[in-house]
Amino acid sequence: MIDKSRLKEILEEVRNGDTSVEDALGFFPEEENLEFARVDHDRKDRCGFPEVIFAESKTPEQSLAIAEALVNKTGFAFLTRVPDKTAKLLSSHWKQTEFNPLSRTMLIGKITAEPNPPKGKVLIVSAGTSDIPVAEEAAVTARVMGCSVTSLHDAGVAGIHRLLRARAELASASVIIVTAGMEGALPSVVAGLVSAPVIGVPTSVGYGAAFKGIAALLGMLSSCANGVAVVNIDNGFGAGCLAARILKSNGDNNEH
C-alpha cells in the first residue's frame, strides 16, 4: 500500500504534467491478498508474462486458491513443480487443464496469444535421458511464453557423434538451452560450435562426486567457451524464461 505523502507527490506530478496518467497508474500495483499469498496481477504489464505458481512447497489447496485468482483475472494459470496430489485437485476443479507429469508443469485455461510473439527458435539439448525432465520444464516454459521450441535429447559428450550429427539444427537455433548432469561439460561444447547464446542448466544427475548437481554447476560456470549463461540446478523454468526474454528483447530491438 502506497503511503499518503507519496500519493500526494504522484498526484501533484500528474497535475503539473510531469507524470502521465498511465505512468502514475504504475505506482499502484494490482495485488490480491489471499493472506498466505499476494497475487501479483500486474506482473504481465511489468515483465511481459503473468505470475507463475511454484507448486512444490505449497499445499494443493494453496495452489488451487492462487490459480483461481489468476484464472478469474486472465482465464489462465501456469504452475511448475506440481505434485501429483495438486495436479489431481486442479484437474477436478477445471475441465481445461494440461498436466505434464515429466516436466511436472500444469496449464489451466488458455493463454492469450501475444500480438508480437518472440521471433526465432529455442533449441533444447539434453545430455542424457535422465536430464529430460528438466529439459521438458524449460521447453514447456518457453512454449507458454510464446517461443517456437524444438528438442534434441541424449546428445551428451559421452557420444559426441550424436551432437555433431545435429550441427545444422544447432546452427539454426536463436537460443540454445543445454541440460546436463555429471560433470556438466555439454554447454561448453555446444557454445564452441555455435554463435547463438547458450543457457546451461546443471541437473542433479550423477554419482556421489557430482554432489547433486554442484559439480555440473561449477563446470558450467567455469566454461572456457564464450556466451554461456548458467541458471541454478534443475531450474528448467528459469532457463525457459531467460530464452524467451532474449528472443523478445531481440524483437524489440529490431522494431526500434
Chi angles and distances behind the side chain to side chain contact (heavy atoms under 4.5 Å, CB included) call for Lys212, Ile233: CA-CA 8 Å; Lys212 297 183 178 179; Ile233 298 167; over 6 Å; no

Show, in sequence, the C-alpha distance, side-chain angles and deciding distance for Leu79 and Ile108, and conclude whether the side chain to side chain contact (heavy atoms under 4.5 Å, CB included) test is met. CA-CA 8 Å; Leu79 301 89; Ile108 301 173; 3.7 Å; yes

Please lay out, stage by stage, how Val52 and Val144 fare under the test side chain to side chain contact (heavy atoms under 4.5 Å, CB included). CA-CA 11 Å; Val52 176; Val144 167; over 6 Å; no

Could you go through the side chain to side chain donor-acceptor pair (under 3.5 Å) check for Thr19 and Glu13 one step at a time? CA-CA 5 Å; Thr19 299; Glu13 289 174 4; 3.0 Å; yes

The test is side chain to side chain contact (heavy atoms under 4.5 Å, CB included); show your working for Lys58 and Ile66 and say whether it passes. CA-CA 10 Å; Lys58 295 178 177 65; Ile66 299 170; 3.7 Å; yes

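Going from atom CE of Met220 over to atom OG1 of Thr179 covers 7.5 Å, rounded to the nearest 0.5 Å. Expressed to the nearest 0.5 Å, how far CZ of Arg165 lies from CG of Leu152 amounts to 10.5 Å. The line from OG1 of Thr141 to CD of Glu136 is 10.0 Å long, rounded to the nearest 0.5 Å. Within the model, atoms SG of Cys147 and NZ of Lys119 stand 13.5 Å from one another, a figure rounded to the nearest 0.5 Å. Going from atom CD1 of Ile53 over to atom OG1 of Thr86 covers 10.0 Å, rounded to the nearest 0.5 Å. Taken to the nearest 0.5 Å, the CD1 atom of Ile176 stands 9.0 Å off from the CD atom of Glu169.
Counting heavy atoms from C-beta on, the side chains of Val134 and Val205 never come closer than 4.5 Å. Using a 4.5 Å cut-off on side-chain heavy atoms (C-beta onward), Met145 and Arg245 make no contact. Within the 4.5 Å cutoff, no side-chain heavy atoms of Thr59 are placed close to those of Phe36. Here the side chains of Phe78 and Leu70 are not in contact, with every heavy-atom distance at 4.5 Å or above. The closest side-chain heavy-atom distance from Met106 to Ser91 is below 4.5 Å. Contact annotation: the side chain of Thr80 never approaches that of Val140 to less than 4.5 Å [non-hydrogen atoms, C-beta and beyond]. Taking the side chain as every heavy atom from C-beta outward, Leu193 and Arg167 approach each other to under 4.5 Å. Two residues are said to be in side-chain contact when any heavy atoms from C-beta on lie closer than 4.5 Å; Glu51 and Arg38 fail this criterion.
Side-chain atoms of Ser92 come within 3.5 Å of backbone N or O of Leu89 as a donor-acceptor pair. Checking side-chain atoms of Asn232 against main-chain N and O of Asn235 turns up no donor-acceptor pair under 3.5 Å.
Hydrophobic cluster membership differs between Leu170 and Val122, with clusters built from Ile, Leu, Val, Met, Phe, Trp and Tyr side chains linked at under 4.5 angstrom. Hydrophobic clustering of Ile, Leu, Val, Met, Phe, Trp and Tyr side chains at less than 4.5 Å, counting indirect connections, keeps Ile124 apart from Val178. Cluster membership check: Leu107 does not share its hydrophobic cluster with Phe54, using side-chain heavy-atom separations under 4.5 Å among Ile, Leu, Val, Met, Phe, Trp and Tyr. Each of Leu186 and Met182 belongs to its own hydrophobic cluster when Ile, Leu, Val, Met, Phe, Trp and Tyr are linked at side-chain heavy-atom distances under 4.5 angstrom. Taking hydrophobic clusters as Ile, Leu, Val, Met, Phe, Trp and Tyr residues chained together by side-chain heavy-atom distances below 4.5 Å, Val201 shares a cluster with Ile246.
Annotation: Asn72, atom CG; neighbour count of heavy atoms from other residues, nucleotides and ligands within 6.0 Å is above 12. Within a 6.0 Å radius of CD in Glu98, other residues, nucleotides and ligands contribute 12 heavy atoms or fewer. Open room surrounds CZ on Phe211; 12 or fewer heavy atoms of other groups in view lie less than 6.0 Å from it.
Considering all non-hydrogen atoms of both residues, Ala180 and Pro187 come closest at CB-CD, 4.4 Å. Shown here for Ser223 and Ser188, the closest heavy-atom pair between the two residues is OG-OG, 3.2 Å. Nearest heavy-atom pair, Thr105 versus Phe99, reported as atom, atom and distance to 0.1 Å: O-CD1, 3.3 Å. The two residues Ala209 and Ala215 come nearest to each other via the heavy atoms O-CB, 3.8 Å. In terms of heavy-atom proximity, Val228 sits nearest to Ala191 at CG2-CB, 3.4 Å. Shown here for Leu242 and Ala229, the closest heavy-atom pair between the two residues is CD2-CB, 4.3 Å.
With sequence neighbours left out, the side chain to side chain donor-acceptor pair (under 3.5 Å) criterion links Gln96 to no other residue.
Each of Asp234, Leu217, Ile132 was compared with Thr203 under the side-chain contact (heavy atoms from CB on, under 4.5 Å) criterion, and only Asp234 meets it.
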